[in-house]
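Residue numbers run from 1 in the order of the sequence given.
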Amino acid sequence: MINQNKIPQATAKRLPLYYRFLNNLHIQGKSRVSSKELSEAMKVDSATIRRDFSYFGALGKKGYGYNVEYLLGFFRKTLDQDENTPVALIGVGNLGTAFLNYNFTKNNNTKIEVAFDADKRKVGKTIGDIQVHHIDDLEGNLENISVAILTVPVSEAQNITDRLVKAGVSGILNFTPARITVPENVRVHHIDLAVELQSLAYFMKHYPLENEREE
């Protein structure tokens, strides 16, 4: 039995990337892959990949590489890919609409099931097969949903968050610039696109990739 608490967070964040790449290899009919091939395709050094995989035991054989089907099944169970995760989307603006139209088509276990907005012109409409409900009806439409995506105006972020938490949501993907406050039992991942772009530009300028490869 794997103790998930002993897996570094950096490793945990790479697991979905490994799973996606392995799934693509499986679709292409490839039966095995080396850490070098994984490294070149994913831009992660092979030592890091071997270290990541070592937390889960002996997943590969020296000189043979990794069995794609076995790894795929292993990471599917590790990432609970056999369990469905219904998601609520709060805020159907430009970004929210894009989420509904995309709706994580490559991840069969994760799907937006319900959406909310305060704009009466959007309420009742169906976008990407998902009906938009009024934000006033939030609490009555979150049955069996523990994850929410937040794409609302900054001024509404904390208020909506409080309502989500009271309704039983325990995970929030926050796309607003607001740093929302939640109880200790609720996990929030902040994604500020402007900050990420600034960070990207800074690293491009001050940390050229060729320098990283030499280290």
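- Looking at V147, L138, L150, L164 one by one, the single match for side-chain contact (heavy atoms from CB on, under 4.5 Å) with V169 turns out to be L164.
- For I112 against N103, the heavy-atom pair with the smallest separation is N-OD1, 2.7 Å.
- A side-chain contact (heavy atoms from CB on, under 4.5 Å) with I135 holds for exactly one of D117, I90, V92; it is I90.
- The main-chain N or O of T181 is found under 3.5 Å from a side-chain atom of Q158 such that the two form a donor-acceptor pair.
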Given side chain to side chain donor-acceptor pair (under 3.5 Å), test N24 with Q28 step by step and report yes or no. CA-CA 6 Å; N24 287 336; Q28 294 169 20; 6.0 Å; no

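- Crowding of N94 atom CG: a count of heavy atoms from other residues, nucleotides or ligands under 6.0 Å not exceeding 12.
- Nearest heavy-atom pair across V68 and L22 is CG1-O, 3.7 Å.
- Dense packing is recorded around CD of E139, with more than 12 heavy atoms of other residues, nucleotides or ligands lying under 6.0 Å away.
- Note: H133 and F116 have tilted aromatic rings, judged against thresholds of 30 and 60 degrees for the angle between ring planes.
- Put simply, the side chain of I149 reaches to within 4.5 Å of the side chain of V87, judged on heavy atoms.
- For E40 against K43, the heavy-atom pair with the smallest separation is O-NZ, 3.5 Å.
- Closest of all the heavy-atom pairs between V188 and N174 is CG1-CB, 4.1 Å.
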